[in-house]
Colleague: 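Take a look at the following structure, please.
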Amino acid sequence: MLSILQIDFAAREFAWAVCGGLILALACSRTGSRVSRWCRRFSERPWLPVVVVGLLMFAIQAGVAARYGWPVPALHDEFSYLLAADTFASGRATNPTPPAWEFFETYHVLVQPSYQSKYPPGNGLVLASGQVLTGQPIVGVWLCLAAATSGLFWMLRGWFASRWALLGAILLICNWPVTKLWGQTYFGGAPALLGGVLVYGALARLLRRPDVASTICLGLGLIIWAITRPYEGLIASFVPLAILSWRAITADATDRTRWLIRVAVPLACVLVCGGAGLGWYHQQVTGSPWKWPYRLYEETYTRRVSTLSTLFSWTPLGTRERTIPSLEYESSAGQKRIAETKPVLYGLWKIGRQWWFHVGLLGTLPLWLGCMSAIRRAVPLQSAQPLAWSMISVTLVGVAILLQRSAGLPHYAAPIQPLLLLLIMQGLRDLRVWRIAKWRVGTLLVSWLIWSSVLFFTLPLITGSNRPNVRPWSIERHRIQQELQSHPRPSLVIVKYGPGHSMHEEWVYNQANIPQAYVVWARQLDASRMPELLELYPGRDVWIVEPDKKPVKLSKAMDAVP
């Protein structure tokens, strides 16, 4: 999506990419027509380009991992998602509360009434698929990204000519922020992107002719949103559902019957089945089909006192019901104070963060042209208004992200990333026809943008710079985990934090079945509680790890206790 600059970009690679892109665009100006004809013939084949772009995305993700090493979880969210993946891969919806559960409390994880991630199950299911198929959860992310790339080509082919759909898929593949933050971490983003391409691809086809297959794709996309990004997905679903409802209402009697049979009834069936499944999952985790695990976690651990206050920055903070021992959940309160005292500055920062990831510097001009085209076509509201609808959806979700108390990470906007690309592709189409006298400068500019995007993606892979996020403490934790996995006896690791320890460096995360895990991580509590822990987890060597020592200190406390 022409995210030429990534979040922590290197100016040298950017300069080389821009200059190299211009040289390649000039060199290819004579052969551009032949390349265009070949791309057109390839893109118009029924299923071959769909398969090829998906395989290309998967191969690139695997290549990046081979180049930089397998991703190591570092953020709270990643560990929480991996817990969900391990649970689902074991064939369970959740886990019983572990014995001595106070030792295992940690961020973004419920321990009562069951032991499971607080997040919706979508990303955990994606990671579980990789764990089941290959033993590596990250492979599930690559498969999901490959499916989203193929789906993006399918979606754009519903709005544009096939060659523009192929270009959009290539630009997504060459989006380094997507590869770096969505493809090489366990953080999520790809599942909601897949939901978006299903929803908007189905919308394009349903507006031409209502059919059951497109309706099922629409329903599946909405369900994926519900189990990945329910808040942003709900906002993003307003416009597509409103458009389809208006089309059905304004149709004549015969068409209205066709819409009822082919769209309304199948969509209702899909959504009811998805809603029932989600309610069953909530019942297993929280004890109530209406209680989201996320909501229960907020009620238990944070200082928020109402449903609104879990989302919106203008609502007050109340009294915390329970804290995680030894750590202060609200140690990021400085960010929240900025949100409350300087909301305009905080909002601009969040907008910039989303723009940097989803659009980038060289994507700004095509996006602006696409928005101008949408405004020109906004009246009258005829069949050519996907651009206007896209702007409305993007605006609604953008406002929803701004109103949230949280930092507005890039994957929050994943449901509408296909729409941003839709607007960018329209901007490139408008840019392509620019002329100065007899010079087709627009074609040259489009070629320059494309080549720059490709080069800026490939240069980090060639030079080895700008590697995916690596945090020293997470590498050290992973090293200790692997070392103890090869230890002759099972281990119990007591984590002893020093004063002023950062909440962002949390070591206490475990597998789904804690009593059966070969390495168990527990947080240090009162010395009087230790005999209880040793009695409940016998037969293990006991270790003490002190993360705040330099270097990290791991020492054996005692040999295996019978």
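Since we're looking at a predicted model, the values are computed, not measured.
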Colleague: Report yes if the distance between the aromatic ring centroids of His282 and Trp292 is under 6.0 Å, otherwise no.
Modeller: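 Yes, the ring centres sit under 6.0 Å apart.
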Colleague: Check for a donor-acceptor pair, side chain of Arg471 on one end and backbone N or O of Pro73 on the other, with a separation under 3.5 Å.
Modeller: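 Not a single qualifying donor-acceptor pair exists.
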Colleague: Passes side chain to side chain contact (heavy atoms under 4.5 Å, CB included), Glu102 versus Arg529? Steps please.
Modeller: CA-CA 10 Å; Glu102 295 93 342; Arg529 300 287 306 276; 3.3 Å; yes
Colleague: Roughly how far apart are Leu421 CG and Tyr200 OH, rounded to 0.5 Å?
Modeller: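 Taking CG in Leu421 and OH in Tyr200, the distance rounds to 13.0 Å.
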Colleague: For side chain to side chain contact (heavy atoms under 4.5 Å, CB included), just list the numbers for Tyr107 and Asp77, CA-CA rounded to whole Å, side-chain angles, deciding distance to a tenth of an Å, and then say yes or no.
Modeller: CA-CA 8 Å; Tyr107 296 121; Asp77 309 65; over 6 Å; no
Colleague: Between the main-chain N or O of Gly183 and the side-chain N or O of Trp142, is there a donor-acceptor pair closer than 3.5 Å?
Modeller: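 Yes; judged by distance alone, with no hydrogens or angles, the pair exists.
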Colleague: Please determine whether side chain to side chain contact (heavy atoms under 4.5 Å, CB included) holds for the pair Leu181 and Phe187, giving the CA-CA distance in whole Å, both sets of side-chain angles, and the decisive distance to 0.1 Å.
Modeller: CA-CA 8 Å; Leu181 294 182; Phe187 208 61; over 6 Å; no
Colleague: Please report whether the ring centroid of Tyr537 lies less than 6.0 Å from that of Phe104.
Modeller: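 Distance test on ring centres: under 6.0 Å, yes.
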Colleague: My understanding is that only one of Asn513, Asn95, Thr94 makes a side chain to side chain donor-acceptor pair (under 3.5 Å) with Thr87; could you say which?
Modeller: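 Between Thr87 and the candidates, side chain to side chain donor-acceptor pair (under 3.5 Å) is satisfied uniquely by Asn95.
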Colleague: Go through the steps for Glu476 and Arg479 under the test salt bridge (Lys or Arg N to Asp or Glu O under 4.0 Å), then give the verdict.
Modeller: CA-CA 5 Å; Glu476 189 65 18; Arg479 182 191 65 78; 2.5 Å; yes
Colleague: Answer with yes or no after comparing the ring centroid distance for Trp507 and His501 against a 6.0 Å cut-off, counting only values under it.
Modeller: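 No - the distance between ring centres of Trp507 and His501 does not fall below the 6.0 Å cut-off.
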Colleague: Pick one: which of Glu506, His76, Lys118 meets side chain to side chain donor-acceptor pair (under 3.5 Å) with His108?
Modeller: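 The side chain to side chain donor-acceptor pair (under 3.5 Å) with His108 is passed solely by Lys118 among Glu506, His76, Lys118.
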Colleague: Can you check whether Val493's main-chain N or O pairs, donor with acceptor, with Ser491's side chain at less than 3.5 Å?
Modeller: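 Judged by distance alone, no pair lies under 3.5 Å.
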Colleague: Indicate the ring-plane relationship of Trp182 and Phe357, choosing parallel, tilted or perpendicular according to the 30° and 60° boundaries.
Modeller: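 It falls in the tilted class, 30° to 60°.
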Colleague: Over all heavy atoms of both residues, which pair between Trp473 and Ala74 is shortest? Give the atoms and the distance, please.
Modeller: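 Taking every non-hydrogen atom into account, CZ2-O, 2.8 Å.
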Colleague: Identify the two heavy atoms, one from Gly498 and one from Asp548, that lie closest to each other, and give their separation to 0.1 Å.
Modeller: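 Taking Gly498 first and Asp548 second, the nearest heavy atoms are N-OD2, 2.6 Å.
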Colleague: Could you give me the CA-CA distance, side-chain angles and deciding distance for Gln184 and Tyr68, then say whether side chain to side chain contact (heavy atoms under 4.5 Å, CB included) is met?
Modeller: CA-CA 10 Å; Gln184 300 299 315; Tyr68 294 109; over 6 Å; no
Colleague: Within the side chain of Ser129, is there an N or O that forms a donor-acceptor pair under 3.5 Å with the backbone of Val126?
Modeller: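 Answer holds: yes.
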Colleague: Examine distances only and state if a side-chain atom of Asp541 and a backbone atom of Arg489 form a donor-acceptor pair shorter than 3.5 Å.
Modeller: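 Such a contact is absent between Asp541 side chain and Arg489 backbone.
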Colleague: Between Glu232 (side chain) and Ala400 (backbone), is there a donor-acceptor pair under 3.5 Å?
Modeller: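 Such a contact is absent between Glu232 side chain and Ala400 backbone.
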Colleague: In sequence, state the C-alpha distance, the side-chain angles, and the governing distance for Trp543 and His487, and then conclude on ring pair (Phe, Tyr, Trp, His ring centres under 6.0 Å).
Modeller: CA-CA 12 Å; Trp543 304 80; His487 191 66; 5.3 Å; yes
Colleague: Whether the side chain of Asn123 engages the backbone of Tyr186 through a donor-acceptor N/O pair (distance < 3.5 Å, no angle test) should be reported.
Modeller: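 Judged by distance alone, yes, a pair lies under 3.5 Å.
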Colleague: For the side chain of Gln354 and the backbone of Leu409, is there at least one donor-acceptor N/O pair under 3.5 Å apart?
Modeller: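 Confirmed, Gln354 side chain pairs with Leu409 backbone.
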Colleague: Taking all non-hydrogen atoms of both residues into account, name the closest pair between Asp86 and Ser90 and its distance.
Modeller: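 In terms of heavy atoms, the two residues are closest at O-OG, 2.8 Å.
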Colleague: Just by distance, do the side chain of Thr134 and the backbone of Gln136 share a donor-acceptor pair under 3.5 Å?
Modeller: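 Between the backbone of Gln136 and the side chain of Thr134 there is a qualifying donor-acceptor contact (under 3.5 Å).
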Colleague: Leu172 and Met57: which non-hydrogen atoms are nearest, and at how many Å?
Modeller: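 Looks like O-CE, 3.9 Å.
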Colleague: At their closest point, which heavy atom of Pro515 faces which heavy atom of Arg540, and how far apart are they?
Modeller: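 That closest heavy-atom pairing would be O-NH2, 3.1 Å.
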Colleague: Is it true that, when you exclude Gln482 itself, more than 12 heavy atoms of the residues, nucleotides or ligands shown sit nearer than 6.0 Å to its CD?
Modeller: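 Atom CD in Gln482 is packed in, count exceeds 12.
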Colleague: Between Tyr509 and Phe79, how do the two ring planes meet: parallel, tilted or perpendicular, split at 30° and 60°?
Modeller: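 It falls in the parallel class, under 30°.
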Colleague: Looking only at heavy atoms, what is the nearest atom pair of Val53 and Thr149, with distance?
Modeller: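 Of all heavy-atom pairs spanning Val53 and Thr149, the closest is O-CG2, 3.8 Å.
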Colleague: Given 3.5 Å as the limit, does a donor-acceptor pair link the side chain of Asn510 with the main chain of Trp521, or not?
Modeller: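 Between the backbone of Trp521 and the side chain of Asn510 there is a qualifying donor-acceptor contact (under 3.5 Å).
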